[in-house]
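Note on naming: letters A, B, ... go to the chains in the order of the sequence lines (proteins, then strands), and numbering restarts at 1 for each one.
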2 protein chains.
Amino acid sequence: MQIVDEILKIKKVKNTAVRTVVLRHLLSQEKAQSLKDIENALVYTDRSSIFRTLKTFENNKIIHSIEDGSGMIKYAVCVKGCNCDPKDLHYHFYCNNCDKTFCLFDVPFQNIELPENFKIQQANMVVKGLCNNCNK
Amino acid sequence: MQIVDEILKIKKVKNTAVRTVVLRHLLSQEKAQSLKDIENALVYTDRSSIFRTLKTFENNKIIHSIEDGSGMIKYAVCVKGCNCDPKDLHYHFYCNNCDKTFCLFDVPFQNIELPENFKIQQANMVVKGLCNNCNK
DNA sequence: TAATCTTTGCAATCGAGTTGCACCATATGG
DNA sequence: CCATATGGTGCAACTCGATTGCAAAGATTA
Ligand SMILES: [Mn+2]
Ligand SMILES: [Mn+2]
Ligand SMILES: [Zn+2]
Ligand SMILES: [Zn+2]
């Protein structure tokens with residue numbers, strides 16, 4: 001995989017065996033992944049290694065985390081150019097039926113007019129309901 | 001407290017000792033409370049009783065829960081007339097400095113235009129940053 | 001090569017949330 | 001007024017995702 005090396009290079013994160021497989025896995029999935037999801041997929045890689053890899057990725061803006069209320073933090077790869085700034089904010093969708101969480105990159109994100117003196121730094125926006133597959 | 005009885009009556013939830021103190025506590029706080037917060041405040045009330053009380057309140061739309069990413073679910077009393085429907089949605093603010101979470105009832109909430117066939121049922125919207133007290 | 005720093009695997013621990021169960025309080029019906 | 005049913009409460013145990021200590025393995029540097 002070319003793209004994995006490219007992302008790590010851009011974000012100045014050293015490439016290692018675990019990092020490669022974790023990032024490759026994340027890129028291959030359409031839904032945001034929990035630590036458990038990744039652990040199940042990468043049977044030969046230790047949970048704590050995956051955990052620390054995810055922290056490293058998150059600290060270096062390679063991925064972002066989503067608290068969808070499922071009890072497990074989900075992770076998704078940032079789009080090219082993302083710096084996890086307020087301007088990079090987007091909604092997420094959690095399907096109550098199929099338990100899938102994903103980024104809604106195409107849904108326009110409205111600026112939020114906070115009260116005087118409030119400063120936004122990040123946000124966790126999760127819309128819950130039925131996805132297009134389950135709403136039938 | 002008159003208001004406590006009134007709320008329980010409106011929502012058709014039987015009044016008990018634990019329910020009274022929990023609801024009174026929630027009403028008295030400006031920030032959303034975690035189970036731990038309530039446990040600490042109500043030293044003589046058992047954690048599991050508070051927990052079940054919160055579930056009862058939530059099921060009966062007396063309170064709503066907020067997943068703010070702090071690792072603990074927060075609870076806040078619903079405003080009068082709230083049915084926890086999508087129309088009752090509002091933003092929440094989590095202060096990264098003072099660790100306080102609260103409802104932004106006054107910030108206008110924009111309708112979200114979801115992709116074709118997606119159906120919204122609930123949402124968890126948390127803006128994170130610095131509150132007016134901490135942004136100085 | 002030797003010293004140093006980083007990554008990894010394993011096992012243990014933490015802590016919020018949840019549950020089983022026995023006891024207690026209240027409500028109801030005779 | 002007591003007998004019984006229903007639901008609430010307290011205690012202790014447990015679940016499970018997240019996190020950490022530590023030593024071994026690997027990579028980097030002098
Ligand atoms: Mn996302
Ligand atoms: Mn709220
Ligand atoms: Zn679905
Ligand atoms: Zn603050």
Side-chain angles (χ1 to χ4, degrees), chain A residues 4-5 8-9 11-26 31-60 62-76 94 99 101 124 126, chain B residues 4-5 8-9 11-26 31-60 62-76 94 99 101 124 126:
Chain A
V4 166
D5 299 325
L8 292 173
K9 195 178 167 192
K11 299 299 173 80
K12 297 190 176 62
V13 172
K14 203 201 299 179
N15 200 341
T16 70
V18 174
R19 288 172 189 173
T20 299
V21 288
V22 170
L23 184 50
R24 185 180 303 165
H25 174 76
L26 286 172
K31 67 167 184 174
Q33 299 283 293
S34 68
L35 175 55
K36 178 61 132 302
D37 288 336
I38 305 171
E39 202 187 334
N40 289 341
L42 309 178
V43 260
Y44 298 116
T45 308
D46 184 71
R47 182 181 355 130
S48 66
S49 300
I50 300 170
F51 171 78
R52 284 185 271 231
T53 295
L54 291 171
K55 290 293 166 205
T56 300
F57 284 176
E58 196 176 10
N59 291 336
N60 290 280
I62 292 173
I63 62 175
H64 60 278
S65 60
I66 308 152
E67 294 134 12
D68 62 8
S70 68
M72 286 182 279
I73 300 168
K74 304 291 173 65
Y75 299 91
Y94 173 79
D99 198 50
T101 298
N124 183 59
V126 182
Chain B
V4 166
D5 299 325
L8 292 173
K9 195 177 166 190
K11 299 298 172 81
K12 298 189 176 62
V13 172
K14 204 203 296 180
N15 200 341
T16 70
V18 174
R19 286 172 190 173
T20 298
V21 290
V22 170
L23 185 48
R24 185 180 301 164
H25 174 76
L26 287 171
K31 67 168 186 175
Q33 300 282 293
S34 67
L35 175 56
K36 180 59 135 300
D37 289 335
I38 305 171
E39 203 186 334
N40 290 340
L42 309 178
V43 260
Y44 299 116
T45 308
D46 185 70
R47 182 182 357 130
S48 65
S49 300
I50 300 171
F51 171 77
R52 285 185 271 230
T53 295
L54 291 171
K55 289 295 167 203
T56 301
F57 285 177
E58 196 176 10
N59 290 337
N60 289 280
I62 292 173
I63 62 175
H64 60 278
S65 61
I66 308 152
E67 294 135 10
D68 64 6
S70 68
M72 285 181 279
I73 299 168
K74 304 291 174 64
Y75 298 90
Y94 173 78
D99 198 48
T101 298
N124 182 62
V126 182

If I take atom [atom1] from residue [X] and atom [atom2] from residue [Y], how far apart are they, to the nearest 0.5 angstrom?
{"X": "A:L8", "Y": "A:T16", "atom1": "CG", "atom2": "OG1", "result": "8.0 Å"}
{"X": "B:K55", "Y": "B:T53", "atom1": "NZ", "atom2": "OG1", "result": "12.0 Å"}
{"X": "B:K74", "Y": "B:L26", "atom1": "NZ", "atom2": "CG", "result": "12.5 Å"}
{"X": "B:H64", "Y": "B:I73", "atom1": "NE2", "atom2": "CD1", "result": "13.0 Å"}

Whole-Å gap separating [atom2] ([N]) and [atom1] ([X]):
{"X": "A:K74", "N": "D:dG17", "atom1": "NZ", "atom2": "C1'", "result": "12 Å"}
{"X": "B:K36", "N": "C:dT18", "atom1": "NZ", "atom2": "C1'", "result": "15 Å"}
{"X": "B:K12", "N": "D:dG7", "atom1": "NZ", "atom2": "P", "result": "18 Å"}
{"X": "A:E39", "N": "C:dT8", "atom1": "CD", "atom2": "P", "result": "16 Å"}
{"X": "B:L35", "N": "C:dG17", "atom1": "CG", "atom2": "P", "result": "6 Å"}
{"X": "A:I73", "N": "C:dG17", "atom1": "CD1", "atom2": "P", "result": "13 Å"}
{"X": "B:F51", "N": "C:dG17", "atom1": "CZ", "atom2": "C1'", "result": "6 Å"}
{"X": "B:R47", "N": "C:dG20", "atom1": "CZ", "atom2": "P", "result": "16 Å"}

- prompt: Any side-chain heavy atom of A:L35 within less than 4.5 Å of one from A:R47?
  reply: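 Yes. Closest side-chain heavy atoms under 4.5 Å.
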Anything under 3.5 Å between a protein N or O and an N or O of nucleotides 8-11 of chain D, put it in a table, one pair a line.
unit_1: D:dG8; atom_1: OP1; unit_2: B:R19; atom_2: NH1; d: 3.2
unit_1: D:dG8; atom_1: OP1; unit_2: B:R19; atom_2: NH2; d: 2.8
unit_1: D:dT9; atom_1: OP1; unit_2: B:T16; atom_2: OG1; d: 2.7
unit_1: D:dT9; atom_1: OP1; unit_2: B:V18; atom_2: N; d: 3.2
unit_1: D:dG10; atom_1: OP2; unit_2: B:S49; atom_2: OG; d: 2.9
unit_1: D:dG10; atom_1: O6; unit_2: B:R52; atom_2: NH2; d: 2.6
unit_1: D:dC11; atom_1: N4; unit_2: B:S48; atom_2: OG; d: 2.8

All salt bridge (Lys or Arg N to Asp or Glu O under 4.0 Å) counterparts of B:R52, not counting sequence neighbours: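 Partners of B:R52 by the salt bridge (Lys or Arg N to Asp or Glu O under 4.0 Å) criterion come out as none, since no residue qualifies.
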